[in-house]
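Right, one structure below, let's go through it.
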Amino acid sequence: MLIGESRSARFQAGWEGILAWRSSRLQGARFLPLAMLIAWAAWLGGDRAYGLPVVMLVVAFSLIAQFRLWDDLVDRERDRGAHPERVLSGASDTTPFVAAVWGLGAVNGIALYALSGWAALSGLLVLHGALELWYRHRALRDLIHDHVLLLKYPVFVMLLGSPASNSGLLVSTSVLVYAALCAFELLDRGAGSWGRRCVLALHCVVLTVAAFKVGAEWVGGAIAALLTLGLAIVWWRHGRGRPLRGGTYLPFAVVAIILFQLSWGA
């Protein structure tokens, strides 16, 4: 009886720990819109079947949850000093969190296979292997590390959108999602070196070029010009250490407007 009670208590503690992690590190207000953007980008270049975006949204959010938890587990020891307030930093037992990563991985693998077949499942396994190698052999957390880790998000778009009905469009939307995430990450870190500002400018240029390419008519061109102006202001304020309130999310808004224009013209 005591053994059963002990197991039940451990399970309860583990479940509460996972819920605490979710509430602090996977807030719906921040990550549901990101999942929507990923699903939308995948739907545009993939199979545009009715109702499919809802399924893609659920799978996209599950993928984000799995890989975000994995990132936190890898950085747990480093976060003990840098972010002691995080749930995993103070956790004495990581078994429930590791089990959650494996469980989400299995669910995501089955979902991707059901959506897109062996190609998507194989792609997910390759992504797992590539990140495992990166985590093992790259201890330095720098600009390169951040950009490599963010590559998983355009991969999500490619996996969800396969087999692509328009492979060129799927690649383009994947690049847009990646540029927006990289720009957000750089803006969210605050003013940095001149090198970081140059990289941020490059991502903003990618978004700007895409906005003008989509906005061929005068209305679209005007929208693109406004978006370009907004990105320029955000970049300038960021470099001067005076970030514009809410400006970190502008890259996502730019991508959403571009995807809307692409959807409207589809």
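Below, each value reflects all heavy atoms present in this structure, side chains not excepted, and no hydrogens, waters or symmetry copies. These figures come from a predicted structure and were not determined experimentally.
- To the nearest 0.5 Å, the span separating CZ on R68 from CZ on R22 amounts to 12.0 Å.
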Pairs of donor and acceptor atoms involving the side chains of residues 109-117, under 3.5 Å and at least two apart or interchain, shall be tabulated with distances.
{"unit_1": "S116", "atom_1": "OG", "unit_2": "S162", "atom_2": "O", "d": "2.4"}

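- Heavy atoms only, all atoms of each residue included: S62 and N108 are closest at OG-OD1, 2.5 Å.
- No single ILVMFWY cluster, assembled from side-chain heavy atoms under 4.5 Å apart, contains both M56 and V58.
- Between the CG atom of L57 and the CG atom of L34 there is a distance of 10.5 Å, given to the nearest 0.5 Å.
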Could you list the donor-acceptor pairs under 3.5 angstrom formed between side-chain atoms of residues 167-183 and any protein atom two or more places apart in sequence or on another chain?
{"unit_1": "S172", "atom_1": "OG", "unit_2": "G168", "atom_2": "O", "d": "2.9"}
{"unit_1": "T173", "atom_1": "OG1", "unit_2": "A41", "atom_2": "O", "d": "3.1"}
{"unit_1": "T173", "atom_1": "OG1", "unit_2": "L169", "atom_2": "O", "d": "3.2"}
{"unit_1": "T173", "atom_1": "OG1", "unit_2": "L170", "atom_2": "O", "d": "3.0"}
{"unit_1": "S174", "atom_1": "OG", "unit_2": "L170", "atom_2": "O", "d": "2.7"}
{"unit_1": "Y178", "atom_1": "OH", "unit_2": "H147", "atom_2": "O", "d": "2.9"}

* To do: For the pair F61 and I38, evaluate side chain to side chain contact (heavy atoms under 4.5 Å, CB included) and give the outcome as yes or no after the intermediate values.
  => CA-CA 9 Å; F61 190 79; I38 290 171; over 6 Å; no
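- The list of salt bridge (charged side-chain N to carboxylate O under 4.0 Å, His left out) pairs with a residue in residues 80-102, not counting sequence neighbours, reads E77-R80, D79-R86.
- The two atoms that bring W43 and S263 nearest to each other are CZ3-OG, 4.4 Å, heavy atoms only.
- Residues meeting the ring pair (Phe, Tyr, Trp, His ring centres under 6.0 Å) test with W70, sequence neighbours left out: F67, H128, Y135.
- When side chains are defined from C-beta on, L187 does not count as touching L250, because their heavy atoms never get closer than 4.5 Å.
- Counting only residues at least two apart or in different chains, salt bridge (charged side-chain N to carboxylate O under 4.0 Å, His left out) contacts with residues 223-232 are absent.
- Note on W134: it clusters hydrophobically with V74, by side-chain heavy-atom contacts below 4.5 Å among ILVMFWY residues.
- Applying the salt bridge (charged side-chain N to carboxylate O under 4.0 Å, His left out) rule to D146 yields the partners R189; only residues at least two apart in sequence or on another chain are considered.
- At a threshold of 4.5 Å between non-hydrogen side-chain atoms, the residues R237 and I233 count as touching.
- Considering all non-hydrogen atoms of both residues, A39 and P53 come closest at CB-O, 4.1 Å.
- Alongside L202, the hydrophobic cluster contains no other residue (criterion: ILVMFWY side chains under 4.5 Å).
- Counting heavy atoms from C-beta outward, Y153 and L63 have side chains that stay 4.5 Å or more apart.
- For the atom pair L125 CG and L121 CG, the distance stands at 5.0 Å (nearest 0.5 Å).
- Here the closest non-hydrogen pair linking G105 and L124 is O-CD2, 4.3 Å.
- Among pairs with a residue in residues 23-45, those fulfilling salt bridge (charged side-chain N to carboxylate O under 4.0 Å, His left out) read R25-D72, at least two apart in sequence or across chains.
- Remark: E132 engages R136 in a salt bridge (charged side-chain N to carboxylate O under 4.0 Å, His left out) (not counting sequence neighbours).
- The ring-ring contact (aromatic ring centres under 6.0 Å, His included) pairs that include a residue from residues 20-41 number zero, where partners must be two or more places apart or lie in different chains.
- The CZ atom of R197 sits 10.0 Å away from the CH2 atom of W236 when rounded to the nearest 0.5 Å.
- Proximity of a side-chain donor or acceptor of S89 to a complementary backbone N or O of H83 within less than 3.5 Å is detected.
- Contact record, R76 with L88: NE-O, 2.9 Å, taken as the closest heavy-atom pair.
- In this structure, CG in L259 is found 11.0 Å from CE in M36, a value given to the nearest 0.5 Å.
- The stretch residues 92-111 participates, sequence neighbours left out, in no ring-ring contact (aromatic ring centres under 6.0 Å, His included) pair at all.
- Neither V205 nor L186 shares a network with the other; the hydrophobic side chains, linked directly or stepwise wherever heavy atoms of I, L, V, M, F, W or Y lie under 4.5 Å apart, form separate groups for each.
- Cluster note: W15 groups with L19 through ILVMFWY side-chain heavy atoms spaced under 4.5 Å, whether in direct contact or through intervening members.
- To the nearest 0.5 Å, the span separating CD1 on I64 from CZ on F156 amounts to 7.0 Å.
- Connection of L127 to L133 is not established within any shared hydrophobic cluster, with ILVMFWY side chains joined at heavy-atom distances below 4.5 Å, either directly or through further cluster members.
- A100 and I18 make their closest contact through CB-CD1, 4.0 Å (heavy atoms, listed as atom of the first residue, atom of the second, distance).
- Between C204 and L200 there is a side-chain heavy-atom pair separated by less than 4.5 Å.
- Hydrophobic clustering places F252 together with L229 (ILVMFWY residues linked when any side-chain heavy atoms are closer than 4.5 Å, directly or through intermediates).
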